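First comes the structure, then the notes that go with it.
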Amino acid sequence: GAGVSQSPSNKVTEKGKDVELRCDPISGHTALYWYRQSLGQGLEFLIYFQGNSAPDKSGLPSDRFSAERTGGSVSTLTIQRTQQEDSAVYLCASREDGLGYNEQFFGPGTRLTVL
Amino acid sequence: AQSVTQPDIHITVSEGASLELRCNYSYGATPYLFWYVQSPGQGLQLLLKYFSGDTLVQGIKGFEAEFKRSQSSFNLRKPSVHWSDAAEYFCAVGGATNKLIFGTGTLLAVQP
């Protein structure tokens, strides 16, 4: 079946502009995660959605970052007033809910470059 | 603080040689431990995971890892490396929410 998809695959923007990154999780997966992969910082957790529960936003680096998940499926990560340090690959992952641990499946990522 | 340390940033091995990638973690509760592989331009792929039970776990592509609680380690091994194993390898730890904390990665190069 289809995996996690993300769009766009690449995004180049100017400093100060807003960007939206999209994630389509695997159908039926109730958990969705956003991570950021950047030079010098490695892979960092950003935000986690689980069903209808309030999201865990503990990893968002500033109030310029926000995310939503509509209808328990597609998620959008929004970065307002982008800065050069926001340049990174943004990875989305989804997981099937259930007892114990189920694997997180990662999308190919969106490479964001802020000029 | 919760963290994962991969002390080797870059490793080069010859094809056919054995491989061991190191991973140490710090985690307050019982950890779930993972190894992921990322090939150039690709997403992360799960190699193997440990939750409980047998401390030696087998994964895909001939990889295995051993959980050593006393050393807070979860090292990845492969007895004979293939050229296609060249990639970046990430160790990660998670808990009940499965929110993952990653190490900084080890870049593996394979010499013919």
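First the proteins, then the strands, lettered A, B, ... as listed; each starts at 1. Computed from heavy atoms alone, side chains included, the values below leave out hydrogens, waters and symmetry copies. Owing to the predicted nature of the structure, the values given are computational and were not obtained by experimental measurement.
Of the two parts of A:Q6, neither the backbone nor the side chain holds a non-hydrogen atom closer than 4.5 Å to a non-hydrogen atom of chain B. With a 4.5 angstrom heavy-atom cutoff, A:S58 touches chain B only via side-chain atoms.
Contact of the A:F105 side chain with the B:Q45 side chain is not registered, since no non-hydrogen atoms from C-beta on lie closer than 4.5 Å.
Residues of residues 99-112 of chain B lying under 4.5 angstrom from chain A, judged on non-hydrogen atoms, are B:K99, B:L100, B:F102 in numerical order.
Grouping the Ile, Leu, Val, Met, Phe, Trp and Tyr side chains by contacts below 4.5 angstrom, directly or via other members, places B:L21 with B:F67. Grouping the Ile, Leu, Val, Met, Phe, Trp and Tyr side chains by contacts below 4.5 angstrom, directly or via other members, places B:F90 apart from B:V93. Put simply, B:V4 and A:F106 are part of two different groups of oily side chains (I, L, V, M, F, W, Y) that touch within less than 4.5 Å, one to the next. One hydrophobic cluster, built from ILVMFWY side chains closer than 4.5 Å, cannot hold both B:L48 and A:L43; they sit in different ones. B:L46 and B:I60 end up in different hydrophobic clusters when Ile, Leu, Val, Met, Phe, Trp and Tyr side chains are linked at under 4.5 Å.
Of the listed residues (A:Q50, A:E44, A:Q104, A:R111), the greatest number of heavy-atom pairs within a distance under 4.5 Å of chain B belongs to A:Q104.
Counted within 6.0 Å of CG on A:L115, heavy atoms from surrounding residues, nucleotides or ligands total more than 12; the atom is thus considered enclosed.
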